[in-house]
2 protein chains.
Amino acid sequence: MGREPREFFQIGDASERTGLTQRTLRYYEEKGLLRTPTRMEGGFRLYSEEDLQRLERIKELRELLGFSLADIKEMLDAEEVRLQIKAEWRKDADAADKAQKLRSAREITLQQIQLIDHKMEKMATMRDQLAERIARYDANLQQYAEETAAEHAT
Amino acid sequence: MGREPREFFQIGDASERTGLTQRTLRYYEEKGLLRTPTRMEGGFRLYSEEDLQRLERIKELRELLGFSLADIKEMLDAEEVRLQIKAEWRKDADAADKAQKLRSAREITLQQIQLIDHKMEKMATMRDQLAERIARYDANLQQYAEETAAEHAT
DNA sequence: GCGAATTCTGACGTTCGCGTTAACGTGCGT
DNA sequence: ACGCACGTTAACGCGAACGTCAGAATTCGC
């Protein structure tokens with residue numbers, strides 16, 4: 001058998017790996033951002049690699065892009081659709097229904113892309129403005145330097 | 001005299017123009033994000049065009065980039081330094097002090113740029129992932145379409 | 001100069017995203 | 001079988017960023 005890196009992580013390990021607190025992990029679960037992880041007999045949560053990846057994803061969406069947990073949930077749910085359908089690709093029948101779900105998931109994803117594009121545009125112009133500002137700072141500092149040098153020269 | 005578009009806006013107008021609520025305007029003022037606007041005799045706030053622009057700026061920094069008001073205040077203050085120094089460029093003396101302020105403002109601005117760059121990178125990779133996902137949705141939908149067509153053909 | 005519309009200042013309420021504490025149950029090495 | 005680290009739920013707390021009255025003052029149109 002291949003040495004699988006490790007299949008289960010208790011909440012402590014999961015917390016350490018993701019940089020999220022245990023409270024946060026439980027909170028995300030409570031909010032439906034994570035499927036309830038499998039538990040061991042006594043009720044201890046066991047996180048899979050997938051769970052950790054999902055958590056990383058959530059973390060980026062929040063910390064980097066500033067989405068609300070509600071937004072993120074919607075996004076992840078849209079994503080879920082694809083996986084679900086993939087899983088039961090062959091066993092189910094109602095193709096029209098699945099196609100409909102797919103279309104709505106696609107729609108949500110598209111909106112996300114557009115939102116990101118919009119943000120990136122704004123960020124780019126803002127970045128330019130900041131760069132200009134730096135240039136002006138430098139010009140001013142340069143002046144100061146010259147003046148100081150002149151004083152020294154007298 | 002040139003017809004100046006209009007010099008004063010009461011809080012209602014300002015609110016409408018910026019899309020921020022009156023409460024929010026007062027709150028931002030309270031938090032030091034806006035200099036206290038000039039008031040009319042009775043105490044009614046009068047916002048200038050500049051104020052509105054500043055508000056737009058704040059709005060973007062918050063809604064689009066997800067900065068906290070505290071962060072934004074720091075940024076705007078750094079910006080203020082430049083204007084202040086520009087204003088009293090000739091009348092003051094302590095050049096070393098001004099240069100120091102300039103350097104720190106420059107530093108803050110640089111950090112902002114780096115932060116934006118970092119965010120943009122992440123956003124770009126995320127965007128790519130989403131685009132891939134769209135492609136997969138389309139592929140699946142295509143399959144459905146073909147299957148449906150096949151059924152019709154039978 | 002009067003009434004309606006607008007604004008003012010508190011002050012308390014709310015939602016989000018967790019932090020923190022309490023009291024109690026589990027897993028595991030020895 | 002015991003101790004101890006680790007985990008569990010439940011509940012309250014908290015700072016940020018406003019929302020939402022209440023009650024009084026101000027401005028404006030007519």
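Everything numeric in this text was worked out from a predicted model, so none of it was measured. In what follows, chains carry the letters A, B, and so on, assigned in the order in which the sequence lines appear, proteins first and then strands, with residues in each chain numbered from 1.
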- [ ] In sequence, state the C-alpha distance, the side-chain angles, and the governing distance for B:R57 and B:E79, and then conclude on salt bridge (charged side-chain N to carboxylate O under 4.0 Å, His left out).
- [x] CA-CA 12 Å; B:R57 190 85 191 294; B:E79 193 165 341; 2.8 Å; yes
Open item on the list: Using OP1 and OP2 only, check whether a side-chain N or O of B:Q10 sits under 4.0 Å from C:dT7.
Closed with: yes
- [ ] Check whether any side-chain nitrogen or oxygen of B:R26 sits under 4.0 Å from OP1 or OP2 of C:dC8, and answer yes or no.
- [x] yes
Open item on the list: Nearest heavy atom decides the nucleotide; on that basis, is A:K31 or A:G43 closer to the 5' end of DNA chain C?
Closed with: A:K31
Task: Protein-nucleotide distance (B:Y47, atom OH; C:dT6, atom C1'), rounded to Å - done: 13 Å
Task: Rounded interatomic separation in angstrom, taking CZ from B:R39 and P from C:dT7 - done: 13 Å
- [ ] Report the distance from atom CZ of B:F67 to atom P of D:dA16, rounded to the nearest whole Å.
- [x] 17 Å
- [ ] For the side chain of B:Y27, starting at C-beta, report the closest nucleotide among C:dC18, D:dA17, D:dT26.
- [x] D:dA17
TODO: Would you kindly give the CG-to-C1' distance between B:L25 and D:dC18, to the nearest whole Å?
DONE: 12 Å
- [ ] Name the closest nucleotide to the B:Q22 side chain, picking from C:dT7, C:dG27, D:dC6.
- [x] C:dT7
Open item on the list: Starting the side chain at C-beta, find the nucleotide from D:dG7, D:dC12, D:dT20 nearest to A:R23.
Closed with: D:dC12
Task: NZ/NE/NH1/NH2 to OD/OE distance under 4.0 Å, A:E80 and A:R35 - done: no
TODO: Rounded to the nearest angstrom, tell me the gap between atom CD1 in A:I58 and atom P in C:dG17.
DONE: 12 Å
Open item on the list: Check this one for me: any side-chain N or O of A:Y28 less than 4.0 Å away from OP1 or OP2 of C:dG17?
Closed with: no
TODO: Give a yes/no on whether any side-chain N or O of B:T24 is located under 4.0 angstrom from OP1 or OP2 of D:dA17.
DONE: no
TODO: Give a yes/no on whether any side-chain N or O of A:R62 is located under 4.0 angstrom from OP1 or OP2 of C:dC18.
DONE: yes
Open item on the list: Do A:M123 and B:I72 sit in one hydrophobic cluster, given that two such residues count as connected whenever their side-chain heavy atoms are within less than 4.5 Å of each other, even indirectly?
Closed with: yes
Task: Lys/Arg-Asp/Glu bridge criterion (N-O < 4.0 Å) met for B:R54, B:E50 - done: no
Task: Between C1' of D:dC6 and CE of A:M40, the distance in whole Å - done: 10 Å
Task: Nearest-Å distance for atom pair CD/C1', residues A:E16 and D:dA5 - done: 14 Å
Task: B:I11, nearest nucleotide to its side chain (from C:dC8, C:dT6, C:dC18) - done: C:dC8
Open item on the list: Without decimals, in angstroms, what is the distance between B:D71 CG and D:dA16 C1'?
Closed with: 12 Å
Open item on the list: Any carboxylate oxygen within less than 4.0 angstrom of a Lys/Arg side-chain nitrogen, looking at A:E30 and A:R26?
Closed with: no
Task: Proximal nucleotide (of C:dG25, C:dC8, D:dC28) relative to the A:F44 side chain - done: C:dG25
Task: Side-chain N,O (B:T21) to OP1/OP2 (D:dC18) below 4.0 Å - done: no
